[in-house]
Amino acid sequence: MTQPNTLTIAQARDALRKGELTAVELTEACLKAIDAADALNAFVHKTPELALERARAADARLAAGAAPSMCGIPVGIKDLFCTEGVASQAASHILNGFRPEYESTVSAQLRDAGAVMLGKLNMDEFAMGSSNETSTYGDAVNPWKVDDRRLTPGGSSGGSAAAVAADLCLGATGTDTGGSIRQPAAFTGTVGIKPTYGRCSRWGIVAFASSLDQAGPMTRTVRDAAIMLEAMCGHDPMDSTSADLPVPDFEAALGAGVKGRKIGIPREYRMEGMPSEIEKLWADGADMLRDAGAEIVDISLPHTKYALPTYYVIAPAEASSNLARYDGVRYGHRAKLAQGDGITEMYEKTRAEGFGPEVQRRVMIGTYVLSAGFYDAYYNRARKVRTLIKRDFDTVFADGVDAILTPATPSAAFGLGEMVDADPVQMYLNDVFTVTVNLAGLPGIAVPAGLDRQGLPLGLQLIGRPWDEAGLLNTAQVLEEAAGFVSKPAKWW
Amino acid sequence: MLDLSFESPKPKVIAGATGDWELVIGMEIHAQVASRAKLFSGASTQFGAEPNSNVSFVDAAMPGMLPVVNEFCIEQAVRTGLGLKAQINLVSAFDRKNYFYPDLPQGYQISQLYHPLVGEGEVIVDMGAGVGRRVRIERIHVEQDAGKSIHDMDPTMSFVDLNRTGVALMEIVSRPDIRGPEEAAAYVTKLRQILRYLGTCDGNMQNGNLRADVNVSVCRPGDYERYQETQDFGHLGTRCEIKNMNSMRFIQAAIEYEARRQIAILEDGGAVVQETRLFDPDKGETRSMRSKEEAHDYRYFPCPDLLPLEIEQDWVDGIAASLPELPDAKKARFMGDFGLTDYDASVLTADVANAAYFEAVAAEAGDGKLAANWVINELFGRLKKEGHDITDSPVSAGQLAGIIKLIRAGDISGKIAKDLFEIVYTEGGDPAAIVEDRGMKQVTDTGAIEQAVDEIIAANPAQVEKAKANPKLAGWFVGQVMKATGGKANPKAVNEIVTARLGL
């Protein structure tokens with residue numbers, strides 16, 4: 001039999017239900033794989049005892065029958081999610097030793113559906129980064145490799161992507177503020193969906209930029225994403241921005257095909273200097289959907305070029321305020337103070353020691369754009385542009401477009417450390433195809449669609465109408481099947 | 001129709017070395033919303049609890065926590081707005097005011113800068129019979145209170161109590177329409193009265209549930225009128241804001257001091273610096289808050305955790321329909337229905353519980369004026385003497401009405417009624433039964449009174465002569481008869497019989 005940890009969620013679910021496999025066996029296989037994968041630095045807090053306890057409970061539930069799809073499925077949880085009694089640090093030194101007394105709504109829903117948490121996953125500090133290099137735990141490493149070059153799994157959900165790609169777990173939670181699910185998914189040959197803003201509760205997830213943050217699943221197949229998303233989302237009265245809408249049966253919506261569906265190709269996403277491989281991948285993706293019966297149309301999203309600067313005003317602005325609570329007063333790291341130091345010194349030293357350089361940079365940018373005299377020029381203007389970006393999408397959808405196809409990233413995974421000396425804006429360019437989706441609050445999914453000439457995975461992104469995750473997943477599965485992406489990283493760790 | 005017309009009072013004038021000065025005052029009142037739970041969390045708002053016992057994960061700003069607005073607090077603020085005849089904004093929004101302080105766990109206060117819940121309204125401040133100041137309300141917004149920092153418990157450490165963190169406040173902002181220290185105190189008094197009528201704030205200033213920031217400036221006579229005509233603040237002086245006062249006395253003293261301080265600066269040829277000041281009650285002066293404390297850039301921006309607050313007109317209408325009668329209307333009705341004086345009506349309506357008590361007495365006793373006299377002169381006097389208030393009065397409205405009914409029926413005299421009141425106050429019991437049991441009923445049997453009068457006339461021939469010469473001395477006979485009957489004789493009957501018998 002195949003290694004249980006390499007199964008998809010759907011396969012494992014069926015095997016569990018048939019009694020061909022137990023949740024304990026499956027969990028043990030994952031725990032073994034995790035222990036053998038320290039070189040990837042994906043799991044930063046392992047919870048084997050808790051996992052086995054939950055696996056045993058899942059087996060009892062499965063034996064009783066009528067268990068939910070996620071029952072007994074081992075998953076990893078991004079460190080940004082607060083998990084009761086388990087370290088939850090947002091990969092930051094400032095939350096050193098923090099163990100919440102509460103469980104985030106999303107991870108609680110997974111737990112209640114019977115999913116087995118294996119531990120916490122690496123990420124960029126406070127989800128700020130595109131390479132998982134800003135983590136207090138050190139870099140997560142992509143299981144995909146070219147020669148001896150260690151590659152980034154992307155960020156900020158780098159640990160989640162690496163863990164899923166390396167078969168350490170069957171699925172993982174991610175969060176996406178500007179592309180943090182989709183870019184790592186694309187870099188690791190996995191599937192990642194950022195649902196519509198408001199689909200998943202943000203309660204208990206450490207906030208980065210509240211108006212942009214959304215949780216979503218990272219899995220090996222589109223079907224798995226559908227199954228896991230359904231368990232994660234739904235209305236939560238504890239989150240005022242969570243939508244009070246019914247959750248559709250996403251898995252049941254798969255297989256409907258794309259005949260007659262209109263897929264838009266936005267001309268503004270054809271960037272200057274785009275690698276020909278990416279351009280070809282995109283064209284191939286359009287051909288695949290056309291061959292499957294979709295109508296491919298050229299569309300315009302005229303304000304696209306303003307998306308990145310808009311994002312890098314709004315996200316840091318919100319972050320600068322959201323991160324004010326990490327002050328050393330109540331929990332987490334507090335700096336040692338010198339004789340005569342007062343509260344101001346405590347704040348300054350604690351935050352200087354506790355936050356890494358990228359977080360400090362964004363807090364400073366955010367503080368600057370909100371400050372008196374600059375508010376209108378930056379923050380208010382960014383809000384207005386955000387409205388225009390959203391309107392671009394509204395117009396296209398009103399014209400009958402069902403989904404939009406774009407590349408997921410401007411390149412394949414790059415080498416860890418290779419961007420260290422680059423201008424931070426170079427790193428921010430990783431988000432160029434993904435941030436618009438967050439600014440407009442839309443659902444977006446990254447699907448592996450091919451390999452570049454070095455043999456590294458490349459992904460395509462599909463953007464859907466608000467609340468149409470079901471349609472989006474259906475289209476994504478058509479693309480997934482047509483692309484026939486089956487490659488796995490060669491195990492080197 | 002209620003007659004609520006009034007004249008405006010004269011502004012306070014301070015004579016300076018270079019001429020007269022007038023005061024211009026605007027106030028921001030922070031009123032704690034009467035609600036059992038906080039504005040954005042389910043934690044209790046109970047005063048005086050163990051430090052840090054009323055603190056939820058949201059209040060402590062634990063990672064990943066989110067605010068959810070407490071609908072009841074919004075309802076209370078809307079009710080307050082309606083009570084101040086103010087515009088209710090069906091769409092408002094919450095903003096974050098960012099600053100660092102240990103008693104502000106989030107690092108920001110959630111408030112409403114750009115789109116407040118309540119817009120323009122007004123308060124009529126009573127300044128004596130027929131005299132009132134119309135103070136315009138600019139806005140009321142809803143916001144979170146901060147916690148409490150305690151710096152004086154330990155030489156090296158500070159302590160933080162988060163019980164108050166996140167409690168809902170209404171910030172009620174007035175226009176600069178207040179013209180003197182007494183008016184300022186009267187404004188707070190009136191606002192407090194209305195809030196207590198509405199049940200939206202308990203008005204307890206000692207506990208800090210009602211605090212005032214006062215903006216004071218001075219100008220020359222005529223400048224204010226020019227401001228009124230143009231609404232151009234350029235006609236007014238530079239203002240200073242005196243923060244966080246929780247006593248009427250301090251408010252008046254602070255304004256008085258601050259006005260004189262500003263006048264002294266101006267008359268010396270100096271300029272008033274716009275700044276925030278604190279009142280020191282021990283020294284009776286205001287002093288500048290260190291610039292470091294106020295050099296805040298609050299970086300306000302819309303709170304991304306909360307959607308804009310949208311309320312329905314129907315909901316607002318429902319609240320409007322449930323508003324209680326407010327002080328001005330109640331006072332006018334007391335004057336109209338019961339024939340009370342302006343003063344008595346003001347006293348009785350000052351507090352909603354007093355007014356309710358009075359109305360219950362008046363309704364049962366059937367005589368509003370008599371009820372007012374007894375409530376104000378006998379009951380209030382006695383309660384005050386013993387440190388009680390109406391809520392713990394030993395004499396119920398029913399008992400006091402019982403006493404008044406006995407007077408009206410002629411069963412007891414006014415003097416006996418006072419004795420009876422004393423008995424009811426100290427011992428309790430049904431007034432009618434007490435009168436019966438203790439033989440306090442006054443004698444109206446004319447035969448018995450005639451007999452007593454005849455006996456006294458017969459025994460005092462010299463007095464009879466004097467009285468015949470000077471009819472004013474007939475009172476002596478009345479007194480003697482009352483004495484002889486133990487005060488129980490009906491004084492009116494005695495008077496008539498004495499007059500007749502003496503042939504006056």
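It should be emphasised that the depicted structure is a prediction, and the values quoted were computed from it without experimental measurement. Every chain is numbered from 1, with letters handed out A, B, ... down the list of sequences.
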Side chain, backbone, both or neither: which part of [X] has a heavy atom under 4.5 Å from chain B?
X	value
A:Phe374	neither
A:Ile343	side chain
A:Leu95	side chain
A:Thr367	both
A:Ala209	neither
A:Asn322	both

Does the side chain of B:Asp305 come within less than 4.5 Å of A:Thr241's, by heavy atoms? no
May I ask you to test the A:Cys82-B:Met62 pair for a side-chain heavy-atom distance under 4.5 Å?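 Sidechains of B:Met62 and A:Cys82: no contact.
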Heavy atoms only, distances under 4.5 angstrom: which of [options] has the most pairs with chain B? Name it, please.
options	result
A:Gly373, A:Ala207, A:Ser211, A:Ser371	A:Ser371
A:Ser210, A:Gly366, A:Ser201, A:Ser88	A:Ser210
A:Ala324, A:Ser320, A:Gly328	A:Ala324

How close do A:Arg325 and B:Met65 get, counting heavy atoms only, and between which atoms? NH1-O, 4.1 Å
Heavy-atom contacts under 4.5 Å, residues 97-110 of chain A to chain B: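 From residues 97-110 of chain A, the residues near chain B are A:Phe98, A:Glu101, A:Tyr102.
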Give me the contact list for residues 91-104 of chain B versus chain A, heavy atoms only, anything under 4.5 Å, ordered by residue number.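 The list, in residue order, reads B:Arg96, B:Asn98, B:Phe100, B:Tyr101, B:Pro102.
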Engaged part of B:Tyr108 at the chain A interface, taking heavy atoms whose separation is under 4.5 Å: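 Contact with chain A involves the side chain of B:Tyr108 alone.
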Hey, which of B:Cys303, B:Pro67, B:Pro302 has the most heavy atom pairs under 4.5 Å with chain A? B:Pro302
For a quick check under 3.5 Å, do B:Arg299 and A:Tyr375 share a side-chain donor-acceptor pair by atom type?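 Result is no, nothing qualifies.
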Using modelled atom types and a 3.5 Å cut-off, is there a donor and acceptor pairing between side-chain atoms of A:Arg202 and backbone atoms of B:Gly64?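 Absent.
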